[in-house]
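To start, the structure under review is shown below, and the notes come after it.
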Number of protein chains: 2
Amino acid sequence: MKPGKEVTIYDIAKKLNISPATVSRGLQDNPAISKKTRKRIFDMADELGYRTNHYARNLRQSQTNTIGVLVHELNSNFITSVLAGIEKITTEAGYDLLIAHSSESAVKEAANARNLFHKRVDGLIASLAFDTTSLDHFKPFKEKGVPLVFFDRVEQDADNTVVIIDNAKCGYIATQHLIEQGCKKIVHVTASLKRNVYAQRYKGFRDALHDHGLKFEESQLIVNDLSEKAGVEAALRMLKMKPMPDGIFITNDFVSAVCMRTLKENGLRIPQDIAVVGFNNDAIGNLIEPALTTINYPGIDMGEIAARNLINHLKGISDIHQTNTIIVRSELIIRKSSLRKPV
Amino acid sequence: MKPGKEVTIYDIAKKLNISPATVSRGLQDNPAISKKTRKRIFDMADELGYRTNHYARNLRQSQTNTIGVLVHELNSNFITSVLAGIEKITTEAGYDLLIAHSSESAVKEAANARNLFHKRVDGLIASLAFDTTSLDHFKPFKEKGVPLVFFDRVEQDADNTVVIIDNAKCGYIATQHLIEQGCKKIVHVTASLKRNVYAQRYKGFRDALHDHGLKFEESQLIVNDLSEKAGVEAALRMLKMKPMPDGIFITNDFVSAVCMRTLKENGLRIPQDIAVVGFNNDAIGNLIEPALTTINYPGIDMGEIAARNLINHLKGISDIHQTNTIIVRSELIIRKSSLRKPV
DNA sequence: CTGAAAGCGCTAACAC
DNA sequence: GTGTTAGCGCTTTCAG
C-alpha cells in the first residue's frame, strides 16, 4: 500500500488480467459474474486496500445516495430520537445522512436548505424553525422533483407529506386532565402560534376549556420562546395574576421544569396550589420534583416512518404524494405534578 | 429550468460564448478573470439555476472537503455543544461534516470509522466509546495520512493530537470541595476506568482523599454504565453501606440526578446527610432540587479548538503533529447539593 | 485574460 | 460471462 496513491478498479483489473468493467460488476455483486471471478476480485480488492470512490460513482450515476435532514435544534431528546429513527432506516437502505440545524432561525434554515440542495441530496426530511412562515426555500427541491417529508413542525399545504402527532388532541387531553383534577383557571404557556404544533395544542386547550364550561381570558395565554429566561418570566407573571391560576399546561418539559422551580421558590406547592402538565416526555420530567405529567410521543417512530416513506418513494416502491399525512400515536403520562385526586 | 436536466458549466459557457474553463475559473473567483466576465458568469449561473456538482469537483481534485466526526452519543448537552463548536469552524472554512455515533459500542465505532474512511473524509474528529480499547480501526487513516484529532474521551499515545480537560485536577477539586464541606466518607460513582476521562477523575479523587488523610476502601468506588438503572442501583448500594457515605462524587450530572432522587425517596437529606457533586454542568443540574454542584467545561470551545487545529493542518497553516495535547479550562460550580458550610 | 484538451474513477450500453 | 468504449462535470496544465 503505497501512501498517497489510491487503488482503483483498474489496478485490480490489471492484477487479475480482466477488464475494469468486470471488476465493477463483480464489486456490485452483479449476477452476470461467475462466483470464482467475483471471489478473486474481492480478495484482490482487500489485498490492495481498495476503497470505492463514491464521487466517481455518484458523478456517473448522477444520484448521491444521500438524504438531507433539516432540524431546528439538536439539543432535545425528541430530536435526537427522531434522528436515531431516521438513521436506522437510511443506514439499512444504504443512504448517507447530511444533517443541518437552523438554531430556530428561518434565515439559517433557508441557507441550510440551499446548501443541501446544492449538495444534491436525493431527498429531504425537515422540521421547521419557530419563525419559518414561507416554504419558498423548498421550492427548488420541488422543481427538481426531490421528494420532501416534513415531521412535527410542518406547514400543511396540499402537496407535502407530513408525519405528525395529533397536537390538538394532545392539547385537549392535557387540558382535560387538569380540569378533571379540579383546575378552574388554567394558563397555557407556549411558543409562536404561527407554528402548527403550537397552534394545534392551543386549539385543543381552548376546546377543552370550552367543552367543560370554563371561560378563557387573553391573559391565560403566554407566548414566548421556550428559553430558560422565558420560563422564569412566565412563572413570575402567573404569580402576579389575580386570581392566580391553579393549573398550567406548558408546551415543553424544559420550560415546565423552569416554571416549576420558580413557582416553588415563591412558596407555591405543586400540584396542590398549581398543577402542571408538560409536553415531550424528556428525561428531565422524571428527575424534578414533583415528577412531571407530560405528553409522550415516539420520536424514534416518527423518524423511522419519515425515512421509510422517503426511501420507498426513492426506490419507486410507493409514491410519497399519495400519503399526505401520517399521524403517530401519542399519550398522556400522568405523574405527580398534576395529581390532586386519586386516579 | 427544464425539470430533470442539470445545468453545467458548459451550458453557461455556451450561452456566454466563452469556454468552460473560463466559467470554472470565474465561479471560483479566480483573479485571472476580468470583473466583467465574472459578473456575466455569475448572472448567467443564477439565471439558469446552476448548482455546482461537488462530485465532479471532488473526483477531479481528489479531496472531499468533508470532515468526519465520530462520537459515542448525541444525547448529551456536552456533545451537542462540541458539535456546535466544530460546525461553526468547519462551516466557516467551507467543509462539510459527516457525523456518526457509536451508541457507546466499540464495534459500531469501528464500523463507523470504516465507513467514514471509505467516504474519504479529509480529516477526522473523534471521541471514543466506553469500551474502545484498541485504536486499530484508526490505522487506515494514519496510513493514508488522514489527520486525526481526538477530544474528551481519548487514548493518549505518542502521535495523536488530543483536546481534553484536566480530568485528574477536576476530580481532585471536586473531591477536595466535598472534604472541605466536612465529608469523611466519599463514594465515587463512575464508568469504566479503562477510559481516560474516568481513570483520571478517579485518580484525582484518590489523590485528594490521600492528601487530606482520608482512607479509601474498594467499596467507595462504584463503576457502572451511567444509565438510569445504574444510578438507582448505585444509590441503593450506598444506602446499605455501614456507615453510609456522607459525600458522593459522580462522574455525570444525569446519574447524579437519578441518584439524588433515589436517596431522597429513601428519606435522606441533601446535602446535610449526603453532599453530591456531579460532572458536566448539564441543564438538568439547575432544575433538580437541591441544585447540583458540578464541573463545568466548555464543549463549544473544545469543538472549536479541535476543528481549528484540524483545518489549519489541512490547509498547511500548521502541523497537527506538533501540538500533541491541548488542555481546555474547566471549573467547579458550587451549588446547594454540596453546600454545608457558608462559602 | 482566455481557450483547448486531458483525465479524475466509475458505470452502462453495446458488443461478442 | 466478459471486454470495449464513452462520458458523467469539473479543474488544470499548457498555449496563446
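All values reported here derive from a predicted model rather than from experimental measurement. Every chain is numbered from 1, with letters handed out A, B, ... down the list of sequences.
- Rounded to an integer number of Å, the gap from A:Ile12 CD1 to C:dC10 C1' is 12 Å.
- Proximity of the aromatic rings of A:Phe150 and A:Phe138 is defined here by a centroid distance below 6.0 angstrom, and this criterion is met.
- Listed by chain and number, the residues in a salt bridge (Lys or Arg N to Asp or Glu O under 4.0 Å) with B:Arg153 are B:Glu104 (sequence neighbours excluded).
- Summarising the geometry, the separation between CD on B:Gln61 and P on C:dA6 is reported as 21 Å, rounded to the nearest angstrom.
- More than 12 heavy atoms of other residues, nucleotides or ligands shown are found within 6.0 angstrom of NZ on A:Lys119.
- Across the protein-nucleic acid pair, B:Gln28 atom CD and C:dT2 atom C1' stand 15 Å apart, rounded to whole Å.
- Note on B:Ser24: a base of the nucleic acid sits closer than 4.0 angstrom, heavy atoms only.
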Please enumerate all protein N or O atoms sitting under 3.5 Å from an N or O of nucleotides 2-5 of chain D, with distances to 0.1 Å.
residue: D:dT2; atom: OP1; partner: A:Thr37; partner atom: OG1; Å: 3.1
residue: D:dT2; atom: OP2; partner: A:Ser34; partner atom: N; Å: 3.1
residue: D:dT2; atom: OP2; partner: A:Thr37; partner atom: OG1; Å: 3.1
residue: D:dG3; atom: OP2; partner: A:Ser19; partner atom: N; Å: 2.8
residue: D:dG3; atom: OP2; partner: A:Ser19; partner atom: OG; Å: 3.3
residue: D:dG3; atom: OP2; partner: A:Thr22; partner atom: OG1; Å: 2.5
residue: D:dG3; atom: N7; partner: A:Arg25; partner atom: NH2; Å: 2.7
residue: D:dG3; atom: O6; partner: A:Arg25; partner atom: NH1; Å: 3.0
residue: D:dG3; atom: O6; partner: A:Arg25; partner atom: NH2; Å: 2.9

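- The OH-C1' distance, from B:Tyr50 to D:dG9, rounds to 8 Å in whole Å.
- In this view, A:Phe151 satisfies the ring-ring contact (aromatic ring centres under 6.0 Å, His included) rule with no residue, not counting sequence neighbours.
- Separating the CZ atom of A:Arg51 from the P atom of C:dC10 is a distance of 11 Å, rounded to the nearest angstrom.
- A:Ile9 places its CD1 atom 17 Å from the P atom of C:dG7, with the value rounded to the nearest Å.
- The distance from atom CD of A:Gln63 to atom P of D:dC8 is 17 Å, rounded to the nearest whole Å.
- The pair A:Asp11-A:Lys15 fails the salt-bridge criterion, with no side-chain N (NZ, NE, NH1 or NH2) lying under 4.0 Å from an Asp/Glu carboxylate O.
- Atom CD in B:Glu6 sits about 16 Å away from atom C1' in D:dG7, given to the nearest Å.
- A salt bridge links A:Arg195 with A:Glu155; the closest basic N to acidic carboxylate O contact falls under 4.0 Å.
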